[in-house]
*Asks:* 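I have a structure here, written as structure tokens, and I will follow up with some questions on it.
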Amino acid sequence: MNDALDAAGPQAAWIARLWWISLWLCVAVFIGVMAALGWALWRSHRAAAADGNAPVRGDRALRVLVASATLLSSVLLVGLLEASVLTDRALGRLPRGDALSIRVTAHQWWWEMVYEDARADRVFATANELVIPVGRPVVVTLEADDVIHSFWVPNLHGKKDLIPGRSTTIEFRADRAGRFVGRCAEFCGLQHAFMAYDVVALPPDRYAQWADHERTSAPEPRAAEAVRGRELFLTGSCMLCHAVQGTSAQGRRGPDLTHFASRSHIGAGSIANSPQALARWIEDPQKLKPGANMPSHFLPPDDLAALVAYLETLT
Ligand code: CUA
């Protein structure tokens, strides 16, 4: 599990700094208020214990103290406001030269990632995994297909909503390599909790290798079982919703599966990707992710095995 305050880029570092300033300031104020409360209780207790006619001493000093404390808390509040405004400005100042442009569309309940390029033949799509190069700014265009979702990778930036019919952007940069947890941060229905994705930051040369590989069509299956699996995929209902580049499957309702086997999870973080998990998923996605749009497919065992064998070739 990632530590949400362990910033991996400038945006998250600004937000973490603001968080720590707010925390320590509030801790100091809390301690001050508790000390004043304790002192007032002690004072009233002492006054009650003393003779009722004894004069109340130190009244002027007390008034000055209360006035200064009120002034100080106003100053602290304005200070926090200022810190928040300055952080917001700093977040908007990320240099965007040479930025990588990715369009992320949120669906109930998965993420579609399209890597844009001026050349149409260099555009490619993945799902539930955002791979980015270290040290290069990324501009993510956010769109939603159905309801409002929220894009949140705590190690890189704050939250931003994806609103149907509107297009917004979020910009960030990862300054070190790593795998960072991404979440949907707005309740969006039954499977809101299983709308996870990973952001994988790779050194630039490894990112370039990865992107070149993603642009290639799906590899040709060789084993007889996998070839039969592809036949089933292309003649059955799979291709109505899924695309596999280099084949006639061009469905757009579900995730693009061209390099499916290289992904870490199935069903947007629902289950780790393995042949056994995949078989369970194809057979009855509703058991693993109730409410998901993918219907159950109770296939004959050898058909299921052939489909799994084919999908496992999609590295
Ligand atoms: Cu999508 Cu919560």
Side-chain angles (χ1 to χ4, degrees), residues 1-2 105-113 125-131 145-147 149 179 181-184 187-200 214 218-315:
M1 198 64 202
N2 290 65
T105 308
H107 302 266
Q108 278 177 321
W109 290 279
W110 61 283
W111 303 87
E112 180 183 1
M113 280 82 177
T126 69
N128 305 323
E129 211 159 79
L130 195 63
V131 180
D145 186 36
D146 30 49
V147 298
H149 304 264
R179 185 176 276 270
V181 172
R183 279 284 179 275
C184 178
F187 181 71
C188 55
L190 206 53
Q191 288 299 329
H192 160 69
F194 286 106
M195 196 164 162
Y197 52 102
D198 280 340
V199 176
V200 184
E214 290 292 311
E220 281 288 306
R222 298 193 189 285
E225 191 181 35
V227 172
R228 199 170 80 81
R230 182 171 64 174
E231 275 313 296
L232 290 166
F233 190 92
L234 297 177
T235 52
S237 55
C238 309
M239 53 98 74
L240 297 176
C241 294
H242 294 286
V244 175
Q245 302 309 330
T247 73
S248 57
Q250 293 296 324
R252 295 246 62 103
R253 275 188 61 73
D256 184 305
L257 299 179
T258 309
H259 296 288
F260 160 80
S262 64
R263 295 181 200 148
S264 64
H265 284 79
I266 305 174
S270 297
I271 187 168
N273 195 355
S274 72
Q276 296 76 21
L278 179 60
R280 283 173 60 202
W281 175 265
I282 296 172
E283 215 169 29
D284 197 2
Q286 299 302 319
K287 205 161 161 188
L288 295 164
K289 189 165 176 164
N293 280 331
M294 181 161 157
S296 303
H297 299 85
F298 295 102
L299 301 164
D302 50 338
D303 283 6
L304 182 63
L307 256 182
V308 170
Y310 170 56
L311 290 168
E312 289 301 320
T313 68
L314 302 178
T315 50

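Worth knowing before you read on, the calculation uses all heavy atoms, side chains too, and leaves out hydrogens, waters and symmetry mates.
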*Asks:* Go through His297 and Ser237 one step at a time and tell me if the side-chain contact (heavy atoms from CB on, under 4.5 Å) criterion holds.
*Replies:* CA-CA 9 Å; His297 299 85; Ser237 55; 3.4 Å; yes
*Asks:* Side chains of Asn273 and Ser264: do they bring a donor and an acceptor to under 3.5 Å?
*Replies:*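 No, because no side-chain N or O of Asn273 sits under 3.5 Å from a partner of the opposite role on Ser264.
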*Asks:* Hey, could you give me the CD1/CE distance between Ile266 and Met294, rounded to the nearest 0.5 Å?
*Replies:*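 Answer rounded to 0.5 Å: 9.5 Å.
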*Asks:* Counting N and O atoms only, with roles assigned by atom type, does the side chain of Asn128 sit under 3.5 Å from a partner on the main chain of Trp111, one being a donor and the other an acceptor?
*Replies:*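 Such a contact is found between Asn128 side chain and Trp111 backbone.
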*Asks:* Hey, could you give me the CD/CG distance between Gln245 and Leu314, rounded to the nearest 0.5 Å?
*Replies:*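 Nearest 0.5 Å value for the CD-CG distance: 11.0 Å.
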*Asks:* Between Val308 and Ile282, does the side-chain contact (heavy atoms from CB on, under 4.5 Å) criterion hold? Intermediate values first, please.
*Replies:* CA-CA 9 Å; Val308 170; Ile282 296 172; 4.1 Å; yes
*Asks:* Return yes if a side-chain donor-acceptor contact under 3.5 Å exists between Asp256 and His259, otherwise no.
*Replies:*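 No - no donor-acceptor pair under 3.5 Å links their side chains.
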*Asks:* With sequence neighbours left out, write down each residue that passes side-chain hydrogen bond (donor to acceptor under 3.5 Å, both in side chains) with His107, or none if nothing qualifies.
*Replies:*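 Once residues adjacent in sequence are excluded, the partners of His107 under the side-chain hydrogen bond (donor to acceptor under 3.5 Å, both in side chains) criterion are Glu112, Asp145.
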*Asks:* What's the separation between atom CZ in Arg252 and atom SG in Cys241, rounded to the nearest 0.5 Å?
*Replies:*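 So the CZ of Arg252 and the SG of Cys241 are separated by 11.5 Å.
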*Asks:* Give a yes or no on whether the backbone of Ala218 and the side-chain of Thr258 come within a donor-acceptor separation of less than 3.5 Å.
*Replies:*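 Not a single qualifying donor-acceptor pair exists.
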*Asks:* Take atom CZ of Arg280 as the centre, draw a 6.0 Å sphere, and report whether it contains more than 12 heavy atoms from other residues, nucleotides or ligands.
*Replies:*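 Counting other residues, nucleotides and ligands, CZ of Arg280 stays at 12 neighbours or fewer.
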*Asks:* What is the distance from atom CD of Glu225 to atom CG of Leu307, rounded to the nearest 0.5 Å?
*Replies:*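 The distance works out to 10.0 Å.
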*Asks:* Nearest 0.5 Å please: distance from the CE atom of Met195 over to the OG atom of Ser270.
*Replies:*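 It is 11.5 Å, given to the nearest 0.5 Å.
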*Asks:* Enter the distance from Trp110:CH2 to His149:NE2 here, rounded to the nearest 0.5 Å.
*Replies:*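 Separation between the atoms: 10.5 Å.
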*Asks:* Check whether any side-chain heavy atom of Leu299 sits under 4.5 Å from a side-chain heavy atom of Glu283, and report yes or no.
*Replies:*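 The answer is no, as the side chains (C-beta and beyond) never meet within the 4.5 Å cut-off.
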*Asks:* Looking at Trp109, is its backbone amide N or carbonyl O close enough to the side chain of Lys289 to form a donor-acceptor pair, meaning the two atoms are under 3.5 Å apart?
*Replies:*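 Yes; judged by distance alone, with no hydrogens or angles, the pair exists.
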*Asks:* Taking all non-hydrogen atoms of both residues into account, name the closest pair between Ser262 and Glu129 and its distance.
*Replies:*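 For Ser262 versus Glu129, the nearest heavy atoms are O-OE1, 4.2 Å.
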*Asks:* With no hydrogens and no angle check, is any side-chain donor or acceptor of Gln191 less than 3.5 Å from a backbone partner on Ala292?
*Replies:*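 Judged by distance alone, no pair lies under 3.5 Å.
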*Asks:* Going by the angle between their ring planes, with limits at 30° and 60°, are His242 and Phe233 parallel, tilted or perpendicular?
*Replies:*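 Plane angle between 30° and 60°, so tilted.
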*Asks:* Over all heavy atoms of both residues, which pair between Cys184 and His192 is shortest? Give the atoms and the distance, please.
*Replies:*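 Closest heavy-atom pair between Cys184 and His192: O-CE1, 3.0 Å.
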*Asks:* Quick test of your reading: applying side chain to side chain donor-acceptor pair (under 3.5 Å), list the pairs with at least one residue in residues 303-315, sequence neighbours left out, ordered by first then second residue.
*Replies:*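 Qualifying pairs: Arg228-Asp303.
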*Asks:* Would you say the side-chain atoms of Gln108 pair up with the backbone N or O of Cys188, donor to acceptor, closer than 3.5 Å?
*Replies:*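 Pair found, side chain donor or acceptor close to backbone of Cys188.
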